[in-house]
Amino acid sequence: MIKLIVSDIDGTLLPDGGHELNPELFEVIGKLRDRGMQFAAASGRQWVSIDTVFAPIKERIFYLSDNGAYVGCAARRLFVNTIDRVLAMDLVRDIRAEGLEVLVGGPDMVYLESRDEAFCDWLINGYKFRVKRVADVTEIEDDIIKVTAYRKNDVEHATKSLRDKYGDRLKMVIAGEMWMDCMAPGVSKGQAVKLLQDSLGILPEETIAFGDQLNDLDMLKQAYYSFAVANARPEVKAAARFEADANTRDGVLKILKLLL
């Protein structure tokens, strides 16, 4: 029996930056919860953004946000994994030197020093992030759970030197064409799913997971019923046991309705 459902958001349930899910998904998740199946949204997004996307059922789901650096439920922190501050700020300076936008994530706030108004507006009104704009992100005093490099396209190629330099000291993942996310060593969506499974007494054989990007690979390994959506990267399709329809055709919703 399936006891835990885990899904990525961007590229799996939504287009990147979107925030309006098919309303039928809320109804289906509610019915699955009534039958004893837990639901977790696993994303590189901040928990505040997940909270907005899943507003009608936010009290009934788990958040595995910031690629697993934050685990919460009903706007309550359960687990938070922080990055060493000195290491994080060294990375911030190197991201700047590469000419990329840099975002620093605290448990409840994303700090941004960008002067690109369109970019800032997209984060605030598109992704629904809780953003604080500052002159210099290296001067913030908050705990740091994620550092992100942004480039409009081909961020994987643009950040290769950064991954070569810091890859043995941070968990660094490519999350689509535009984002490279960096967390503390060992932090991933998969680690967060395992934490949830262990806490709830749920086995991988009782777990179903959906994803599309490289930052979903560890998560898919934690679920026997691992699904790549049809628009997923080839590496994700190769790692998953099953394939669902594309995000634009409600692939995840179709599978969840079968569970009913």
Side-chain angles (χ1 to χ4, degrees), residues 6 8 10-11 42-47 64-71 79-107 110-113 136-198 204 209 211-223 226 228 232-240:
V6 187
D8 170 54
D10 294 288
S43 177
R45 291 180 182 229
Q46 179 191 40
W47 76 261
L64 312 182
S65 70
D66 296 286
N67 285 311
Y70 180 109
V71 177
F79 302 96
V80 175
N81 295 283
T82 60
I83 304 175
D84 175 80
R85 185 177 187 83
V86 173
L87 178 59
M89 293 314 170
D90 286 345
L91 174 60
V92 164
R93 295 183 186 97
D94 282 346
I95 291 174
R96 286 173 176 166
E98 293 290 336
L100 307 173
E101 294 282 9
V102 60
L103 296 78
V104 174
V110 173
Y111 298 91
L112 187 64
E113 60 188 21
D136 185 349
V137 293
T138 65
E139 295 181 358
I140 67 170
E141 297 181 357
D142 202 353
D143 288 336
I144 299 169
I145 64 172
K146 187 177 73 170
V147 176
T148 297
Y150 167 84
R151 190 173 189 269
K152 193 171 183 178
N153 52 58
D154 201 16
V155 74
E156 185 171 3
H157 175 75
T159 57
K160 184 180 184 305
S161 62
L162 296 171
R163 284 179 280 120
D164 289 343
K165 182 174 180 178
Y166 291 95
D168 60 343
R169 291 175 287 166
L170 291 166
K171 177 69 173 183
M172 308 177 79
V173 293
I174 300 299
E177 279 289 304
M178 300 176 285
W179 310 100
M180 181 189 71
D181 292 333
C182 311
M183 293 74 62
V187 172
S188 69
K189 292 184 183 182
Q191 179 265 349
V193 171
K194 185 177 187 306
L195 182 63
L196 203 56
Q197 289 169 328
D198 291 345
D212 75 305
Q213 281 293 335
L214 298 180
N215 61 331
D216 297 321
L217 290 175
D218 288 346
M219 175 179 76
L220 295 179
K221 292 176 183 176
Q222 281 299 124
S226 55
R233 285 181 61 133
E235 302 97 318
V236 180
K237 290 184 178 181

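Pairing each heavy atom of Ala232 with each of Gly211, the nearest pair is CB-O, 4.1 Å. Nearest approach of Thr82 to Ala184, heavy atoms of both residues: O-CB, 3.4 Å. Among all heavy-atom pairs drawn from Gly68 and Ala192, the shortest one is CA-CB, 3.7 Å. Residues Ile145 and Pro107 approach most closely at CD1-CA, 3.9 Å, considering heavy atoms. Considering every non-hydrogen atom in both Arg169 and Pro185, the closest pair reads O-CG, 3.1 Å. What you find for Met89 and Thr138 is that their closest heavy atoms are SD-CA, 3.5 Å.
Rounded to the nearest 0.5 Å, atoms CG (Leu87) and OH (Tyr166) are 7.0 Å apart. Between the CG atom in Asp181 and the CG atom in Asn215 there is a gap of 6.5 Å [rounded to 0.5 Å]. Between the CE atom of Met178 and the CZ atom of Arg151 there is a distance of 12.5 Å, given to the nearest 0.5 Å. Between the CD atom of Gln213 and the CG atom of Asn67 there is a distance of 11.0 Å, given to the nearest 0.5 Å. For the atom pair CG (Leu64) and CD (Gln191), the distance works out to 9.5 Å, reported to the nearest 0.5 Å. Here CD of Glu98 is found 8.5 Å from OG1 of Thr159. Values are rounded to the nearest 0.5 Å.
The local environment of NZ in Lys237 is crowded, with over 12 non-hydrogen atoms from other residues, nucleotides or ligands closer than 6.0 Å.
Just one of Leu162, Leu103, Thr148, Val104 meets the side chain to side chain contact (heavy atoms under 4.5 Å, CB included) condition when paired with Ile95; it is Leu162. None of Lys146, Lys171, Lys189 except one satisfies the salt bridge (charged side-chain N to carboxylate O under 4.0 Å, His left out) rule with Asp66; the exception is Lys146.
Within the 4.5 Å cutoff, no side-chain heavy atoms of Val137 are placed close to those of Leu112. Contact annotation: the side chain of Met183 never approaches that of Asn81 to less than 4.5 Å [non-hydrogen atoms, C-beta and beyond]. Residues Cys182 and Met172 form a side-chain contact, since some pair of their non-hydrogen atoms from C-beta on lies under 4.5 Å apart.
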Quick one: do Arg96 and Glu113 satisfy salt bridge (Lys or Arg N to Asp or Glu O under 4.0 Å)? Show the steps, please.
-> CA-CA 11 Å; Arg96 286 173 176 166; Glu113 60 188 21; 2.8 Å; yes
For side chain to side chain contact (heavy atoms under 4.5 Å, CB included), just list the numbers for Met180 and Glu156, CA-CA rounded to whole Å, side-chain angles, deciding distance to a tenth of an Å, and then say yes or no.
-> CA-CA 7 Å; Met180 181 189 71; Glu156 185 171 3; over 6 Å; no
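Note: Tyr150 and Trp179 have tilted aromatic rings, judged against thresholds of 30 and 60 degrees for the angle between ring planes.
Side-chain atoms of Gln197 come within 3.5 Å of backbone N or O of Gln222 as a donor-acceptor pair.
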